[in-house]
Amino acid sequence: MTDVAQPFDPAEDAHVGLWDELPLWSAMAGLLLLDHVPLDARRVLDLGCGSGFPALELAERLGSGARVTGIDPWGPAIRRANAKRRLWPVRHVDLVRGEAARLPFRDDGFDLIVSNLGINNFADAETAFGECRRVLAPGGTVAIATNLFGHFAEVYAAFADVVASDPAAAARLRTHVEHRPTIDGLTRTLARHGLEVTDVHERAQRMRFRDGSAVLEHHFMRLGFVPAWEEVVGGSEHLGPLRAALDRRARGAGGLELTVPLAVVIARA
């Protein structure tokens, strides 16, 4: 019997219950965040906590004297995080469904705000950063983990060669690539909201694949990247040249290594 792939539906509890984010972006950036987050915080907000990482892990590492609040607009993920919280249990965690641009918390309510890859998904990043500053106590800390401009450089180099003869597709690819954050850009954004960057910790991770087919058929790639790549070339039927270009690179190198540059940016009010 051949399994037929179903599209991942983020509104379905059953689908979200099977979602395993930790081997992917979430752990790569989140472990770097946990390496550098202040351990003396007592009132903590995890902005964009998803299905509970790193909010639950951070609460356990900070101990029961801390209170960690996680917020995310993704309802099924919050329900999954609550199930973990009850089962493990982690009693000093609160989980709230809500938007970063409209935080349902009082002014000066937290001395530490963390976000693990959340800034990539803020619909209104400027307003979200303003809200962070509002709910952050004087002298408080913001710790943001993010992937940076330059991630998957190996894929995008091959992609640029594929679309070089199509100016419109090449322009769409540049727009797609250049929207990723940089340290300088993030520093300026934080400064606009009264937050001064004091430390930056960078690390480059690798994701290894056998060939182009493995990249394009990986479930996380299909969810998080392939749709945008299809928009660049005008549909899934036009991704064949990219697959072939990656396959050629893999044959010459014994596989594909994709680079993911990550950073944790620490800022204080």
Side-chain angles (χ1 to χ4, degrees), residues 16-17 19-100 103-119 121 128-129 131-147 190 195-203 205 262-269:
V16 176
W19 172 247
D20 189 8
E21 73 278 28
L22 292 185
L24 307 169
W25 297 102
S26 190
M28 289 194 295
L31 291 175
L32 183 60
L33 177 66
L34 291 168
D35 279 347
H36 298 287
V37 72
L39 296 176
D40 58 351
R42 286 299 175 259
R43 299 173 299 160
V44 182
L45 174 63
D46 180 3
L47 198 61
C49 66
S51 60
F53 180 81
L56 296 167
E57 180 68 18
L58 183 56
E60 292 194 292
R61 294 196 186 194
L62 293 179
S64 58
R67 192 82 197 176
V68 176
T69 301
I71 186 168
D72 201 287
W74 188 5
I78 288 290
R79 289 192 287 273
R80 180 181 173 193
N82 263 314
K84 296 176 186 177
R85 179 185 61 81
R86 291 189 297 268
L87 183 64
W88 289 356
V90 189
R91 295 184 175 88
H92 52 295
V93 171
D94 302 299
L95 296 163
V96 178
R97 185 176 182 183
E99 299 281 349
L103 294 176
F105 309 119
R106 65 178 177 84
D107 295 1
D108 305 338
F110 300 96
D111 48 63
L112 172 64
I113 298 174
V114 303
S115 185
N116 185 39
L117 302 173
I119 64 170
N121 300 308
F129 280 116
E131 280 287 89
C132 285
R133 183 63 187 88
R134 177 183 66 79
V135 303
L136 185 66
T141 300
V142 173
I144 295 171
T146 183
N147 58 313
L190 290 165
L195 297 164
E196 180 184 2
V197 172
T198 58
D199 296 285
V200 176
H201 306 277
E202 297 185 65
R203 178 186 298 166
Q205 291 286 134
L262 302 164
V264 168
V265 176
I266 308 289
R268 290 189 170 85

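Note that the structure is predicted; figures quoted are calculated from it, not measured.
A donor-acceptor distance shorter than 3.5 angstrom exists from the side chain of Ser115 to the backbone of Leu47, with no hydrogens or angles considered. In terms of modelled atom types and a separation under 3.5 Å, the side chain of Asp111 and the main chain of Ala41 share no donor-acceptor contact. The backbone N or O of Ala59 sits less than 3.5 Å from a side-chain atom of His92, completing a donor-acceptor pair. A donor-acceptor pair is defined here as one N or O able to donate and one able to accept, closer than 3.5 Å; such a pair exists between the side chain of Glu131 and the backbone of Leu103. Without hydrogens or angle criteria, Lys84 side chain to Phe53 main chain gives no donor-acceptor distance under 3.5 Å. Side-chain N or O atoms of Arg80 include none that pairs as donor or acceptor with a backbone N or O of Gly52 at under 3.5 Å.
With Ile144 as reference, Leu190 is the one residue of Val264, Leu195, Leu190, Ile113 to meet the side-chain contact (heavy atoms from CB on, under 4.5 Å) rule. Evaluated for a side-chain contact (heavy atoms from CB on, under 4.5 Å) with Val114, the options Leu33, Thr141, Val68 yield exactly one hit, Leu33.
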**Request:** Check the pair Cys49, Leu56 against side chain to side chain contact (heavy atoms under 4.5 Å, CB included), reporting the backbone distance first and the verdict last.
**Result:** CA-CA 9 Å; Cys49 66; Leu56 296 167; over 6 Å; no

**Request:** Please report the C-alpha distance between Asn82 and Arg79 in whole Å, then the side-chain angles of each, then the deciding distance to 0.1 Å, and finally whether the side chain to side chain donor-acceptor pair (under 3.5 Å) criterion is met.
**Result:** CA-CA 5 Å; Asn82 263 314; Arg79 289 192 287 273; over 6 Å; no

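In terms of the salt bridge (Lys or Arg N to Asp or Glu O under 4.0 Å) criterion, Arg133 has no residue partners (sequence neighbours excluded).
Between Phe105 and Phe110, the two ring planes are perpendicular [angle over 60°; tilted spans 30° to 60°].
Between Phe129 and Val142 there is no side-chain heavy-atom pair separated by less than 4.5 Å.
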